[in-house]
Each structure stands twice: as C-alpha cells, then as structure tokens.
Amino acid sequence: MRYRSQSVAYWYFALALILFGLQLVFGLLSAAKYLGPDPLLNIMPFDVTKTVHTNLLIVWVLTGFMGATYWIVADESRSEIHSVKLAYIQLVLWAIMGVTAIISYFFGMGTGNKLLEQPLPNKLLIVVCMLIFLYNIAMTIKRSGRFTTTEAVLLLGLGSSALLYIPALLHYSNYVVSIYYRWWTIHLWVEGVWEMIQGSFLAYLLIRLSGADREVLEKWLYVIVGLVFIAGILGTAHHYYWVGVPTYWLPLGGFFSALEPVALVGMAMYAYFAIRRTGIRHPNILALHWAVGSAVFTLFGAGLLGLAHTFPEINKWTHGTLITAMHGHAAFYGAYVMIVLAVVSYAAPTLTKGRPEEGTSLGMWAFWLQIAGMFGMTLSFATAGIGQVYLERVLGIGYLDVQLKIQVHFLMLVATASIFVIGAILFIYDFFRYPPRQEPEGDTQKPLAHEQTH
C-alpha cells in the first residue's frame, strides 16, 4: 500500500467477500431444491432463492470492482484518492441498497426483470452511488495529472456501465420490448463494457506481476476496446432468437460473442512468455495464478462454451435450459469473479498486517478448490442440460418428468458446488484472518523499472 487512502479498498473487499459468501448459500439452496421435497417452500421458494443468488452476484462483483478501482487508480495516478469520506459514504449507501433490495425479494417487491429485479428506489440509489464513485475517481485522476491507458480503459468501462444502466430504469408494459432492452444492460455489461474493466484490471496486474512491458500490454487494451465495440455490440444479437428480430442477426450474434475473450487470453499469453524470457517475477505467486487463470477460464467459459450453444441452430434447442446455466456460471466466474479475487490477492499483503507477500498455502488451496469445483459444476450443468434438451425439447416429455430423470446430475452439481464453496470459504477466511492496515508500510508498491508513463 503506497498511499494511505488505498486502505478504503479493504472495506470494499470485505463487503464484497461477505456478499460472495451469502450468494453461495442461496446458490446451494437453489440447487438442493431440485433434489426432492423442499421444507423451505413456503418461506424461501425457488424463485426467491434464485433471485437473491443472481442479484448478490451482481452486487458483490460491482463492490469488488469499486474496491479494486480505488486501489488501482491511486496506484496508477500516484496520488491519494480525491475524497476518502465520499468513498465511505458511497460504501454505506451501496450496502444499504444491497440489503434492502434482498429483503424486498422476500416480500415479492422485485420488478421481475431478471438480474434487474431491484425496486425503483434501490435503482435510483444505485445511480447515486455510481455518480459519487465516478466523480471521486475522475477527480483523483484529474488532480494527479497522470492518466495511463489502463486508467482510460477502466474509466471508459465504468462510465459505460453507468450509462447502460439507463434502460433498466425504464418501465415497459410490453414484455417482449422489456426483454429486448434488458439485454442492452445485461449483455452490454457482462459481454461488453465489463470486459474493458476486466482487461484494465488484468493489464494492471500483469504489468506488476509478470515483468511485461506496459507499452505492449496497454496496446492489447486497445484491441479489447475494439472487440467490445465490434464483437460485444454485435454479440448482443445471440439473445434475440425468441424476440423476433431479423434472422441475419443470429449467426452474427453467435460468432462475435465468442470472439470477446480472445484479446484477454492473448494478453495473458504475452505475459507468460515474458516471464519465461526475462525471468522477472513478482513474489505474489497467488495473485499471478488468479490473474492468468481469469484469462484462461474466460476463454473456456465465455468463448468455448458460449460458442457451443449460442449458434442459432443450437440455441433454438438449448435456449432457456440448463445449458445456459453451464455457460453462464463458467463465463461469469472466469471473467469477473476471478479477476476481482486476483486484485484482492494482489492488494491483500499490503492492505493487511502479517500476510506473506507471496500469498498463503490456504489461499492456494482456495484457488485450486474453486477451479475444481467450478469445472465440476460446469460438467454437471452440461450433462443435465444435454439430457434436458433431448428429453424435453426433442422427445417432448413434460418439464417435471424430465427433472426427475436428470435428478442424478443435480447430486453431482451439489457435490461439486460444495467443493467450490469450501474453496470460497477458505479464501474469505484467509482474507479476514489478518487485521487491516491503515497506514502505508513504506514504499511497498514501487513501479517496476520497465514501466512507461503515458
């Protein structure tokens, strides 16, 4: 921690990890409901647990983005954060928004728009928090007089995320129209501008962890921006199969959506070869695992599995089945969960007292258990989804009858999800077992010799 104000990131990471843990609780509850009689049916039915599970995912990842941004912008700008007070006010308002939104779901107060179920007052509070956040970050950069490409792409991604939330604030009485514009927020977030955020985080980490040249890695960021505006926007069309848009959008959507992670993997490959060539390596091996793992798992989950079922001739059978869950879990985990945990792992040794810089053995166990668990969950969803598509969509067997026939795969899902949860618990415990540091410990985050200022 080079600057005192970077300590605010600790509290964002702390809230994010608490919400991460809660998200997994509701995820396991949702999966267990497939296995038989549900004693919580009248208290927490499936639609509620799934809504809480998916919305907690969005909220905690955004919380992690905010904490990581405060850490990175201060480090990149070589300046204290503009207003620590504003950062804490934002965190409190954000926590209030998240808690009240979750409570509202138990009383049926959501809007019913998947992943955007928040009641309107909560959505307005989200807007307030984002405005505070963007103002604080922009003023930090302006005051420092130093603006790197990494910061530029990060700020573009964050600002675009706020702008694309506007469709979520509007009400459409026609359900088809509502679903159409919903993708303008959800798809253009997770398969568009959030990839700019992931790319900037990844560039920041690889510059410091691998010894790769800043100039080369930041050129990859331009490629990412280009792919987001070409592949990300055109890729939105792979959600439109059931909406009734012209058919020419379907192959374009399926093809371009699979191209989005290519630049990220290229960046990670360059960093890997830079390590092999120069021998330069940061001691924080755990953070390097998470960073490179994020790029590789993104190619698997978002790229390979996305292409496997978004192509129109396949998607007309798999749309809305467990195949979608297969792709969604692997893609979101690789692209956004892993990159947040990478920044947490990188910052933690200087954000907390007594933590070894290279990471802990507990942290490494957390990494491999999560990877193994998520891969097993992906296979579980895939096998269950293939069976569901054939029995339900091809043979025409009823939905509930099909669920009974594929129930064995949910035993596998719960088992592998439990492995993942153990890994997540180890990560959370490993983070909280070291007390936070409020003062910088010398100049522990010196820029590497090969860094170039832009």
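Using a 4.5 Å heavy-atom cutoff, the side chains of I81 and V73 are not in contact. Inter-residue side-chain proximity for L154 and F201 is flagged as met; some heavy-atom pair is nearer than 4.5 Å.
Taking the six-membered ring where the residue is Trp, the centroids of Y10 and F13 are separated by 6.0 Å or more. Separation of the F375 and Y333 ring centroids does not fall under the 6.0 Å cut-off. Two rings, from W189 and Y165, have their centers less than 6.0 Å apart. You'll find the ring centres of H187 and H238 inside the 6.0 Å limit.
Here the rule is side-chain contact (heavy atoms from CB on, under 4.5 Å) with F427, and of F20, W290, W365 only W290 fits it. For the side-chain hydrogen bond (donor to acceptor under 3.5 Å, both in side chains) with S30, the lone residue among T51, T49, D47 that qualifies is T49.
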**OP:** Begin with the C-alpha distance, continue with both residues' side-chain angles, and end with the deciding distance and a verdict on ring pair (Phe, Tyr, Trp, His ring centres under 6.0 Å) for Y180 and Y172.
**Re:** CA-CA 10 Å; Y180 180 85; Y172 308 95; 9.5 Å; no
Subject >> ring pair (Phe, Tyr, Trp, His ring centres under 6.0 Å) between W183 and Y240, intermediate numbers included >> reply: CA-CA 9 Å; W183 293 117; Y240 289 167; 8.0 Å; no
**OP:** Could you check W194 against F65 for side-chain contact (heavy atoms from CB on, under 4.5 Å), going step by step and ending with a plain yes or no?
**Re:** CA-CA 10 Å; W194 280 17; F65 281 177; 3.8 Å; yes
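Counting only distance, with no hydrogens or angles, the side chain of N122 and the backbone of M97 share a donor-acceptor pair below 3.5 Å. The backbone N or O of I233 sits less than 3.5 Å from a side-chain atom of T236, completing a donor-acceptor pair. Proximity of a side-chain donor or acceptor of R437 to a complementary backbone N or O of A348 within less than 3.5 Å is not detected. Panel note: side chain Q6, backbone A74; no donor-acceptor pair is recorded below 3.5 Å. Formation of a donor-acceptor pair under 3.5 Å by the T416 side chain with backbone atoms of L413 is found in this model.
Ionic pairing of E117 and K114 is not present here: no N-O contact between side-chain nitrogen and carboxylate oxygen is shorter than 4.0 angstrom.
In this structure, OG on S5 lies 3.5 Å from CD on E80, to the nearest 0.5 angstrom. Put simply, CG on L206 and CG on D213 are 12.5 Å apart, with the number rounded to the nearest 0.5 Å.
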Listing, residues 123-136 side-chain donor-acceptor contacts under 3.5 Å, not counting sequence neighbours, or none:
residue	atom	partner	partner atom	Å
K123	NZ	L116	O	3.1
K123	NZ	A168	O	2.8
N136	OD1	S83	N	3.0
N136	ND2	Y70	OH	3.4
N136	ND2	S83	O	2.9

